[in-house]
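For reference, positions follow the sequence shown, starting with 1.
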Amino acid sequence: MCSIFGIQSKRIPAKTLKACFDRTLSRGPDMSRMEEVPCGYLGFHRLAIMGLDESGMQPFHLGENRVVCNGELYGFRPIRDRLMARYELVSQSDCEILLPLYQEYGLDMFRTLDAEFALILYDAERNSLIAARDPIGIRPLYYGVLADGGMAFASEPKNLLGLCETILPFPPGCYWADGQFVRYADPAMVDQFVMADEDTVCAQLRRLLMDGVKKRLDADAPLGFLLSGGLDSSLVCAIAQRELKKPIRTFAVGMDVDAIDLKYARMVADFIGSDHTEVIITKDDVINALPTVVELLGTYDITTIRASMGMYLVCKYIHEHTDIRVLLTGEISDELFGYKYTDFAPDASAFQHEAEKRVRELHMYDVLRADRCISVNSLEARVPFGDLAFVRYAMSIDPALKMNRHNMGKYLIRKAFADENLLPEAILWRQKAAFSDAVGHSMVDDLKELAEKRYSAGETAMKCAEYDHARPFTKESLMYRELFEHFYPGQSQMVTDFWMPNKTWPGCNVDDPSARVLSNYGSSGV
């Protein structure tokens with residue numbers, strides 16, 4: 001997953017800028033370029049996925065305009081063919097069409113894109129940078145203000161450390177132009193619910209998810225699939241296997257002592273006929289990787305860090321042992337259709353409000369985790385459940401239908417594929433287990449034990465009180481915050497707060513984000 005960089009200033013030495021940008025070289029190890037523009041600099045580290053030869057290297061030029069983009073533009077080939085009649089396009093890269101589209105539509109271009117992207121564009125007429133991010137924030141982008149008042153943009157906050165006093169995530173679904181942020185899309189916002197019956201809704205969900213998977217199979221580099229054995233990743237793998245008509249490569253990760261999901265992932269792999277690999281990790285692997293994981297994530301959030309341990313280690317294995325460059329994953333389903341804790345939602349309106357909040361914050365939690373764990377290992381993440389058409393439709397469904405009315409979370413997705421013979425019944429109707437739990441309950445227990453040994457009760461209270469924003473509230477959360485502050489001092493505002501169940505709901509006022517502490521966890525961890 002590529003890395004982009006844009007500075008609207010000429011006062012910082014190019015050598016300093018290059019050193020800052022090279023902190024994310026792992027995102028794009030194939031080729032690098034830093035290019036001067038009249039108002040500053042654009043930088044690009046390339047991970048070659050589409051149009052693998054050198055002609056696909058960025059920044060792309062069209063007249064005096066230039067662009068760098070980390071992203072995938074789905075369905076770009078027919079658009080490219082149409083643009084070829086009026087523009088000279090030199091590569092097979094999907095991102096090259098951005099400048100002709102900008103020429104034709106201007107800032108309205110962003111509303112037209114079916115894409116996961118973050119981009120920085122130099123507009124010669126404005127003599128200014130323009131930046132934008134996809135509506136969900138699947139591709140990362142951060143910004144800050146330089147000492148001379150110029151703007152700085154980068155794929156990761158580590159690129160801006162030392163350049164900007166305050167670093168913030170670029171808001172999803174927005175562009176920055178002429179000195180202000182403008183929201184061009186908000187997929188969490190619903191003007192009118194689809195008041196259709198269950199069968200109609202399920203048919204549409206099935207069609208949209210299958211389309212979302214299919215379009216993400218278009219790559220000039222080798223594909224792989226993360227398979228946890230849960231519903232979401234299993235569906236992605238099964239749809240892809242049916243579409244490609246050849247064994248896909250699937251990967252599962254689990255602890256060496258009590259992995260829950262490995263057996264379910266193997267069941268799915270055997271059923272669909274994938275080329276399956278199990279990656280076994282140990283307590284020492286987890287403990288040794290913890291500082292690295294906090295640094296690559298740029299977060300102190302408990303559940304994000306926990307869930308990243310297994311994901312980082314399996315992606316590290318894939319990077320070191322295979323030629324795979326693109327990974328499809330199962331993120332974003334929970335935010336749309338519910339977690340274990342959303343079973344406690346008091347009514348449909350509360351359920352919908354919670355979904356809106358979770359979708360708008362995705363870029364700070366699950367999406368951040370997937371991006372960083374995958375990209376730090378020089379791989380690209382693709383997220384079919386994050387397909388814009390799928391998300392918009394899922395959010396528009398009558399929330400009363402999405403609530404757990406059948407003692408089975410995410411019932412609509414399960415029913416949508418009940419007659420497709422894509423998965424074993426035991427997988428399709430299996431109760432949800434959170435990824436950080438299903439890797440093995442011992443993993444979280446090992447992390448808690450590490451924190452328990454690090455602080456006394458009195459020391460914990462004293463140290464937690466030092467923080468005004470997102471104050472740690474357990475020894476584990478304190479351990480993560482101190483690691484975060486070591487790598488990103490004073491930048492806690494990059495994350496709104498801890499990801500936690502809605503504490504205002506009955507049964508959800510807990511001090512741990514794991515579903516294991518909820519009364520409805522049941523057989524999820526079996």
Those residues at least two apart in sequence (or on a different chain) that pass salt bridge (Lys or Arg N to Asp or Glu O under 4.0 Å) with Arg325 are Asp30

Taking the side chain as C-beta and beyond, is there a heavy-atom pair between Tyr74 and Glu116 under 4.5 Å? yes

d(Leu107 CG, Asp123 CG) to nearest 0.5 Å is 8.0 Å

dist Glu331:CD -> Asp371:CG (nearest 0.5 Å) comes out at 11.0 Å

> Quick one: do the Gln8 and Ser128 side chains pair a donor with an acceptor below 3.5 Å?
Replying inline: yes

Worksheet entry | Student check: side-chain heavy atoms of Val67 and Leu42 closer than 4.5 Å | no

For the pair Arg481 and Ser492, evaluate side-chain contact (heavy atoms from CB on, under 4.5 Å) and give the outcome as yes or no after the intermediate values. CA-CA 9 Å; Arg481 181 60 176 270; Ser492 68; 3.2 Å; yes

Sorted by chain and residue number, the ring-ring contact (aromatic ring centres under 6.0 Å, His included) partners of Phe473 (sequence neighbours excluded) come out as Phe498

Is the number of heavy atoms from other residues, nucleotides or ligands under 6.0 Å of Lys503 NZ greater than 12? yes

Asp334 with Lys410: basic N within carboxylate O range, under 4.0 Å
yes

Notebook entry, point to check: Is the shortest side-chain N to carboxylate O distance from Lys10 to Glu36 below 4.0 Å?
Noted result: yes

Practice problem: Please assess Phe390 against Phe385 for the test ring-ring contact (aromatic ring centres under 6.0 Å, His included), listing each intermediate value before the final yes or no. | Solution: CA-CA 7 Å; Phe390 183 84; Phe385 280 96; 5.6 Å; yes

By salt bridge (Lys or Arg N to Asp or Glu O under 4.0 Å), Asp81 pairs with (sequence neighbours left out) none

Sorted by chain and residue number, the side-chain hydrogen bond (donor to acceptor under 3.5 Å, both in side chains) partners of Glu476 (sequence neighbours excluded) come out as Arg306, Tyr480

In terms of heavy-atom contacts, does CZ of Arg11 have more than 12 from other residues, nucleotides or ligands at under 6.0 Å? no

By side-chain hydrogen bond (donor to acceptor under 3.5 Å, both in side chains), Lys215 pairs with (sequence neighbours left out) Asp114, Asp387

Residue set satisfying side chain to side chain contact (heavy atoms under 4.5 Å, CB included) with Ser3, at least two apart, ordered chain then number -> Phe21, Thr24, Arg27, His45, Ser155, Asn159

The ring-ring contact (aromatic ring centres under 6.0 Å, His included) partners of Tyr184 (sequence neighbours excluded) come to Phe110

(request) For the residue pair Asp53 and Ser55, confirm or rule out a side-chain donor-acceptor distance under 3.5 Å. (result) yes

Worksheet item: Do Cys2 and Leu47 come close enough that some side-chain heavy atom pair is under 4.5 Å?
Response: yes

Flag side-chain contact, heavy atom, 4.5 Å: Ile4 against Leu141
yes

For Ser93 and Ser91, the nearest pair of non-hydrogen atoms, with its separation, is N-OG, 3.1 Å

Salt bridge (Lys or Arg N to Asp or Glu O under 4.0 Å) filter on Lys357, not counting sequence neighbours, yields Glu361

Sorted by chain and number, sequence neighbours left out, ring-ring contact (aromatic ring centres under 6.0 Å, His included) with Tyr341 holds for Tyr339, Trp499, Trp505

Does the side chain of Ile305 come within less than 4.5 Å of Leu290's, by heavy atoms? yes

- Between Arg82 and Glu104, is there a side-chain N and carboxylate O pair less than 4.0 Å apart? yes

The side-chain hydrogen bond (donor to acceptor under 3.5 Å, both in side chains) partners of Tyr300 (sequence neighbours excluded) come to none

- Could you tell me whether Tyr143 and Phe181 have their ring centroids closer than 6.0 angstrom? yes

For this session: For the residue pair Arg139 and Glu72, establish whether any side-chain heavy-atom pair is separated by less than 4.5 Å.
Result: yes

(message) What I want to check is whether the side chains of Gln493 and Gln491 have a donor and an acceptor closer together than 3.5 Å.
(response) yes

With a 4.5 Å heavy-atom cut-off, do Gln352 and Lys402 have their side chains touching?
-> yes

So salt bridge (Lys or Arg N to Asp or Glu O under 4.0 Å) across residues 162-184, not counting sequence neighbours, yields Arg126-Asp178

Sorted by chain and residue number, the side-chain hydrogen bond (donor to acceptor under 3.5 Å, both in side chains) partners of Arg206 (sequence neighbours excluded) come out as none

